[in-house]
Number of protein chains: 2
Amino acid sequence: MAIDRLSLTFGALADPTRRAILARLAKGGASVTELAEPFDMTLPAISKHLKVLERAGLVSRGRDAQRRPRRLEAKRLGEATKWLERYRRLWEGNYQRLDALLEALKTKEKKWGP
Amino acid sequence: MAIDRLSLTFGALADPTRRAILARLAKGGASVTELAEPFDMTLPAISKHLKVLERAGLVSRGRDAQRRPRRLEAKRLGEATKWLERYRRLWEGNYQRLDALLEALKTKEKKWGP
């Protein structure tokens, strides 16, 4: 069964190393060796993560034949953000209810003492 | 190895049925039977998806002992959105470049004809 694009994106984001790789690439392109440095991982392990990110369209390869620098393709992140934003009203509402509760507790504390 | 919370959230979102369940629950609580109806899936199949969503903290169970309605817990969606929004500048920049390109092509077309 073909996996839909949004599922591929969210699946690729479901790993802390892959999210860290994206965070690094957001600052600029980097070769596999450069990407491996801060992670204390072997090159094959990093390459495996990069393959998942490439398959999801989140990372692409630059043209430089020597370095083969990887680049962030941010468009898919935008699509995922847009999907989640449909629920913004709901989670912001939750936070607001929590804020109201904390405010009410503070007022009560002032009134009745600790 | 313990899976971190954000990875659990993104992993739970990496499936179209689970995203559809969340979309349904955003409109209000629903029992497993009610959730299964539009999906043409067996109850055990839906229950399996619900377990993934519950484990990720995206869905909780109501107190009604008979219906055990499921509810959306939107807070974790907010956390995932916040992670993605750090890259907003990047993907909006990409869209803007695309817009500029399309605009340039249109202008060129007008100038030179089809």
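Taking hydrophobic clusters as Ile, Leu, Val, Met, Phe, Trp and Tyr residues chained together by side-chain heavy-atom distances below 4.5 Å, Trp83(B) shares a cluster with Leu53(A). Linking Ile, Leu, Val, Met, Phe, Trp and Tyr whenever their side-chain heavy atoms come within less than 4.5 Å puts Leu6(A) and Leu77(A) in one cluster.
Considering all non-hydrogen atoms of both residues, Pro16(B) and Ser7(A) come closest at CD-OG, 3.2 Å. For the pair Phe10(B) and Leu13(A), the tightest heavy-atom approach, listed with the atom from each and the gap, is CD1-O, 3.4 Å.
Arg88(B) pairs by the side-chain contact (heavy atoms from CB on, under 4.5 Å) definition with Thr81(A), Glu85(A), Glu85(B), Trp91(B), Glu92(B), not counting sequence neighbours.
Taking 4.5 Å as the limit, every side-chain heavy atom of Ile3(B) sits out of range of all side-chain heavy atoms of Asp15(A).
Proximity to chain A among residues 18-51 of chain B is limited to Arg19(B), Leu22(B), Ala23(B), Ala26(B), judged by heavy-atom separations below 4.5 angstrom.
At most 12 non-hydrogen atoms from other residues, nucleotides or ligands lie less than 6.0 angstrom from CZ of Arg55(A).
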